[in-house]
Amino acid sequence: MANIFHVYHRVLRWLMKVAGVRQELVQIEPGTTMNFWVPTRNPIKNPNPPVVLLHGFAGNGIMTWQFQVMNLARNYAVYVPDFLFFGESVTDRAERSPEFQAECVVKGLRRLGVERPCVLVGFSYGAMVGFRLAEMYPDLVAAMVVTSAPTALTESLSRVALQEIGYKSWSDYLIPNTVNGVKSLFEIGSFDFPALPNWIMKHYLEAMVKYRNEQAELLRALVVPDDFTISQFPQTAHFNFRVPTNHRHRKTQKFLVCTGDQFKELGFGTSGEAGSKPMEQQKEKPSAAANPPIPSCRKKKNEEATFLEDLKDHIDEFIHASMDEHKSCFKKTINKMFRMSKVVADKNSETSGVESSLPLRTTVSE
């Protein structure tokens, strides 16, 4: 039986082409190659800021951000790198730090012709790499949208977080070697994760966990001492810091809009540790029985929202949507892709009667 993830990746490559992005391997330096998903259309003609999507540890770039790419790519120049030792990105260097990942991403972007300030969207591991990127290359980063990550993973934060989820190390949690380990990974990191057959979990292990030793080294390099100093980032940032407390319940803290000199409002002191001022907790969501189900994972866009506010809401809703909402969203997206594929073959696709969609949406309104 063919691996379902390998099959889906081939389908996904076609869907991405229809959406307006293609895969490109970029040589960062001799011995280091990074895979990017890049715009098929000339990005120089796009007046909007480029959007760079940075993935987490449980999947490569396009598997993590596929739904966002399908909708953003029509209006924005979207770039999705695979970090080193994810997807097809590799290096023969021994460096494993998030700073090295950030350096390689920037070199790749510049080789692809990206010089304008970008909006970075980072999830989990990708968010922490994004912080280092913004610190090292401030002229390339206009703003950040960050979810499920602190500015830096200090030793004390690491100990507390691992204790909460019941693991001794990040490698044990994020690089599973058994079917039960994969189930635990997604149950902790997802909202209302559905029961899936074991063969799907086995296929995940075979397809997605390729560089086990190298990824373990990446995780060890991610943890920094408690005296780590947080830089004063000049960029505007949108945050959503989620703390999993066990396999079934989470404390979700609100988005904050801030600049570098306001980072203490996030609950972090200048040493990088959790500060004494906690972020305001969101109220408990009402039960599903008390509210009718939302038909998709993207609510109606606020027409008065700024670009960053809408992008922040977009990522937040995607992360916290239920599985039923994602299923509905996926069906609508696939239907839209099939409708778009007929137009791609037409030279005048831009002026044809295809249903248009607003940027930063996960579904097409009906």
Side-chain angles (χ1 to χ4, degrees), residues 3 5-6 9 12 23-37 52-65 79-109 111 120 122-133 136 148-150 152-155 157-158 161-162 165 167-186 188-189 201-225 228:
N3 187 292
F5 290 94
H6 291 158
H9 193 270
L12 194 57
Q23 193 172 8
E24 182 169 337
L25 288 174
V26 179
Q27 185 179 42
I28 306 302
E29 58 188 38
T32 301
T33 303
M34 183 166 274
N35 181 64
F36 279 80
W37 293 85
V52 181
L53 304 174
L54 304 176
H55 65 84
F57 219 86
N60 60 32
I62 206 62
M63 290 293 288
T64 301
W65 297 110
Y79 296 85
V80 187
D82 287 339
F83 289 129
L84 296 172
F85 302 113
F86 293 86
E88 299 179 43
S89 299
V90 293
T91 184
D92 58 6
R93 287 182 54 175
E95 180 63 60
R96 299 290 184 265
S97 68
E99 289 80 5
F100 182 58
Q101 294 274 24
E103 178 185 343
C104 290
V105 169
V106 170
K107 287 182 177 179
L109 289 172
R111 280 170 170 75
L120 293 185
F123 169 61
S124 188
Y125 177 74
M128 286 181 273
V129 173
F131 278 122
R132 305 286 76 75
L133 194 158
M136 297 162 62
S148 301
L153 185 60
T154 63
E155 293 173 348
L157 278 174
S158 178
L162 287 171
I165 62 177
Y167 280 89
K168 294 181 179 180
S169 72
W170 291 111
S171 296
D172 291 342
Y173 168 49
L174 292 170
I175 316 175
N177 52 24
T178 65
V179 167
N180 287 335
V182 176
K183 289 181 179 179
S184 178
L185 170 64
F186 289 114
I188 293 174
M201 304 298 181
K202 183 179 179 181
H203 282 198
Y204 173 88
L205 280 175
E206 295 171 353
M208 304 301 289
V209 186
K210 295 166 55 179
Y211 302 102
R212 187 176 299 277
N213 293 335
E214 291 84 355
Q215 288 183 356
E217 292 169 353
L218 292 176
L219 289 171
R220 286 195 290 270
L222 188 63
V223 181
V224 297
F228 175 85

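Values reported hereafter were calculated over all heavy atoms of this structure, with side chains retained and with hydrogens, waters and symmetry mates removed.
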Of all heavy-atom pairs between [X] and [Y], which one has the smallest distance, and what is that distance?
{"X": "Phe86", "Y": "Gly56", "value": "CE2-O, 4.3 Å"}
{"X": "Phe5", "Y": "Asn3", "value": "N-OD1, 2.8 Å"}
{"X": "Gly59", "Y": "Met208", "value": "CA-CE, 3.8 Å"}
{"X": "Leu222", "Y": "Pro98", "value": "CD1-CG, 4.1 Å"}
{"X": "Ile175", "Y": "Ala216", "value": "CD1-N, 3.4 Å"}
{"X": "Val106", "Y": "Leu133", "value": "CG2-CG, 3.6 Å"}

Is there a donor-acceptor pair under 3.5 Å between the side chain of Ser89 and the backbone N or O of Phe85?
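No, the answer is negative, given that no donor and acceptor are paired below the 3.5 Å cut-off.
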Residues forming a side chain to side chain donor-acceptor pair (under 3.5 Å) with Glu103, sequence neighbours excluded
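Glu103 satisfies side chain to side chain donor-acceptor pair (under 3.5 Å) with Lys107 only.
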State which residues pass salt bridge (charged side-chain N to carboxylate O under 4.0 Å, His left out) with Glu217; sequence neighbours excluded, sorted by chain then number.
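Here the qualifying residues are Arg96.
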For the rings on Phe83 and Phe57, is their centre-to-centre separation under 6.0 Å?
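Between Phe57 and Phe83, which both carry aromatic rings, the centre distance is not below 6.0 Å.
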How long is the span from the [atom1] atom in [X] to the [atom2] atom in [Y], to the nearest 0.5 Å?
{"X": "Thr91", "Y": "Gln101", "atom1": "OG1", "atom2": "CD", "result": "9.0 Å"}
{"X": "Ser158", "Y": "Arg220", "atom1": "OG", "atom2": "CZ", "result": "12.5 Å"}
{"X": "Leu153", "Y": "Leu219", "atom1": "CG", "atom2": "CG", "result": "9.0 Å"}
{"X": "Trp37", "Y": "Leu53", "atom1": "CH2", "atom2": "CG", "result": "13.0 Å"}
{"X": "Met34", "Y": "Asp82", "atom1": "CE", "atom2": "CG", "result": "8.0 Å"}
{"X": "Leu54", "Y": "Trp65", "atom1": "CG", "atom2": "CH2", "result": "8.0 Å"}

Should Val90 and Glu214 count as side-chain neighbours, where that means a heavy-atom distance under 4.5 Å?
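Side-chain contact under 4.5 Å: no.
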Going by salt bridge (charged side-chain N to carboxylate O under 4.0 Å, His left out), name the pairs with one or both residues in residues 168-181, residues two or more places apart or in two chains.
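Of all non-adjacent pairs touching residues 168-181, none passes salt bridge (charged side-chain N to carboxylate O under 4.0 Å, His left out).
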ring-ring contact (aromatic ring centres under 6.0 Å, His included) partners for Phe36, two or more places apart
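Listed in chain order: nothing, the list is empty.
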Residues forming a side-chain contact (heavy atoms from CB on, under 4.5 Å) with Ser97, sequence neighbours excluded:
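Result, side-chain contact (heavy atoms from CB on, under 4.5 Å) vs Ser97: Glu95, Glu99, Phe100.
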Please tabulate, for the side chains in residues 23-31, all donor-acceptor contacts under 3.5 angstrom to protein atoms that are two or more places apart in sequence or on a different chain.
{"unit_1": "Gln23", "atom_1": "OE1", "unit_2": "Arg13", "atom_2": "NE", "d": "3.2"}
{"unit_1": "Gln23", "atom_1": "NE2", "unit_2": "Asn35", "atom_2": "OD1", "d": "3.1"}
{"unit_1": "Gln23", "atom_1": "NE2", "unit_2": "Glu88", "atom_2": "OE2", "d": "3.0"}
{"unit_1": "Glu24", "atom_1": "OE1", "unit_2": "Arg22", "atom_2": "NH1", "d": "2.7"}
{"unit_1": "Glu24", "atom_1": "OE1", "unit_2": "Arg22", "atom_2": "NH2", "d": "3.1"}
{"unit_1": "Glu29", "atom_1": "OE2", "unit_2": "Arg93", "atom_2": "NH1", "d": "3.1"}

Carefully, step by step, assess Leu174 and Gln215 under the rule side chain to side chain contact (heavy atoms under 4.5 Å, CB included).
CA-CA 9 Å; Leu174 292 170; Gln215 288 183 356; over 6 Å; no
